[in-house]
Amino acid sequence: MTFKHNFKKVLSATAFAAALVVAPAANVSAATNDASSTQQSATATSQDQQASQDQAASQSSAANQSSSTSTSSATSTSTVKKTTKKAKKTTKKSKKKAVRKVAKKTTKKKATKKAKKTSKKSTKKTTKAATAAVTASAGQSQATDQQDDAAKKAAEAAAKKAAAKKKAAAKKKAAAKKAAAKKKAAAKKKAAAKKKAAAKKKAAAKKKAATKKKIAKKSAEKAAKYWIAMRESGGYYTARNGSCYGRYQLLISYLGGDLSKKNQERTADRYVYGRYGSWVNTKRFWLAHNWY
């Protein structure tokens with residue numbers, strides 16, 4: 001758009017310069033026309049003078065004829081001579097004037113031709129200068145447009161590069177943040193797993209300890225029960241001492257008429273756990289009182 005606008009301006013300037021150059025040429029043409037009309041009038045005058053001379057000659061001829069007819073008159077002859085001389089002088093003057101006019105006309109023609117040539121040269125020169133100015137201006141405008149386009153493209157490329165860089169930085173930051181969050185989550189998960197493993201291990205250890213304790217208790221209970229049985233009946237299920245019967249020397253009424261080994265074991269456990277809480281406690285009581 002800038003190039004077209006500048007080109008239009010330069011064309012307008014060129015047209016104006018050409019008009020200035022053509023105006024003098026028009027003046028020269030008008031001068032040439034005036035010179036031509038002057039030459040025509042000079043030619044007409046020369047023709048009139050020639051007609052006057054021809055008329056004078058005819059008159060002189062008539063005078064000569066009259067002189068030859070009437071040779072008696074000397075005065076007429078003298079008059080004719082004078083007229084002839086005058087006519088000759090007039091003819092010479094007319095010829096000189098005609099020569100001057102022709103010379104003047106030739107000079108004017110030369111001047112007109114020279115003026116035309118000068119005008120043409122000047123017009124060509126001006127046109128050439130204007131064309132060169134238009135070309136230079138167009139080239140300059142084009143160069144300016146190219147520079148503007150190049151600057152615009154460079155700015156766009158820089159902005160695009162900056163945006164890409166910013167986007168890459170943001171992406172990198174987001175990736176780093178994501179990696180940090182992932183690492184934190186992994187660490188948290190690891191800590192939770194470790195804590196869970198520790199709790200599991202602790203629970204297992206506790207369970208193991210409880211199991212061990214239970215086994216130890218069971219073993220202690222079994223040992224204490226065996227110890228009581230050995231002290232009360234020597235370990236026999238059929239031993240009897242008054243109203244007491246069996247391996248643990250329980251009252252026969254406790255057994256409810258069922259003297260089987262299974263019932264003796266079940267009844268002895270029920271009695272001991274109900275009264276002492278355990279066979280170990282029962283053994284402790286027996287050691288203190290020699291009965292239970």
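It should be emphasised that the depicted structure is a prediction, and the values quoted were computed from it without experimental measurement.
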Undergrad: Could you walk me through whether S243 and L251 pass the side chain to side chain contact (heavy atoms under 4.5 Å, CB included) check?
TA: CA-CA 6 Å; S243 58; L251 292 173; 3.5 Å; yes

Undergrad: What closest approach, in Å, do G235 and R247 show between heavy atoms, and which atom pair accounts for it?
TA: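 What the structure gives for the nearest pair is O-NH1, 2.6 Å.
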
Undergrad: Shortest non-hydrogen contact from Q264 to G246?
TA: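 Shortest heavy-atom separation between Q264 and G246 comes out as OE1-CA, 3.3 Å.
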
Undergrad: Can you tell me how far apart CG (L250) and CZ (R270) are? Round to the nearest 0.5 Å.
TA: 9.5 Å

Undergrad: If only side-chain N and O atoms count, and only distance matters, is there a donor-acceptor pair under 3.5 Å linking E265 with Y237?
TA: yes

Undergrad: E232 pairs by side-chain hydrogen bond (donor to acceptor under 3.5 Å, both in side chains) with which of W286, Y248, Y292?
TA: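 For E232, the side-chain hydrogen bond (donor to acceptor under 3.5 Å, both in side chains) check succeeds only for W286.
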
Undergrad: Any idea which heavy atoms bring Q249 and A239 closest together, and the distance?
TA: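 In terms of heavy atoms, the two residues are closest at NE2-O, 3.2 Å.
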
Undergrad: Rounded at 0.5 Å granularity, tell me how far OG in S233 sits from OH in Y245.
TA: 10.5 Å

Undergrad: I'd like to know if the side chain of N263 pairs up with that of S260 as donor and acceptor (distance under 3.5 Å, no hydrogens or angles considered).
TA: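 No.
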
Undergrad: What are the two closest non-hydrogen atoms of T267 and Y254, and how far apart are they?
TA: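 It is CG2-O, 3.6 Å.
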
Undergrad: Excluding sequence neighbours, so at least two apart, what forms side-chain contact (heavy atoms from CB on, under 4.5 Å) with D269?
TA: K225, Y273, W279

Undergrad: Tell me, yes or no, whether the heavy-atom count around Y276 atom OH, taken from other residues, nucleotides or ligands under 6.0 Å, exceeds 12.
TA: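 Buried by this count: over 12 neighbours within 6.0 Å.
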
Undergrad: Not counting sequence neighbours, which residues clear side-chain hydrogen bond (donor to acceptor under 3.5 Å, both in side chains) with T211? List them please.
TA: none

Undergrad: Under a 4.5 Å side-chain heavy-atom rule over Ile, Leu, Val, Met, Phe, Trp and Tyr, are Y271 and V280 clustered together?
TA: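 Shared cluster, no.
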
Undergrad: In Å, rounded to the nearest 0.5 Å, how long is the span from NZ of K183 to NZ of K190?
TA: 11.0 Å

Undergrad: Nearest 0.5 Å, what's the CG-NE2 distance between L287 and H289?
TA: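 Result: 11.0 Å between the selected atoms.
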
Undergrad: CD1 of I228 to CH2 of W291: how many Å apart, nearest 0.5 Å?
TA: 12.0 Å

Undergrad: Hey, could you give me the OH/CE distance between Y236 and M230, rounded to the nearest 0.5 Å?
TA: 8.0 Å

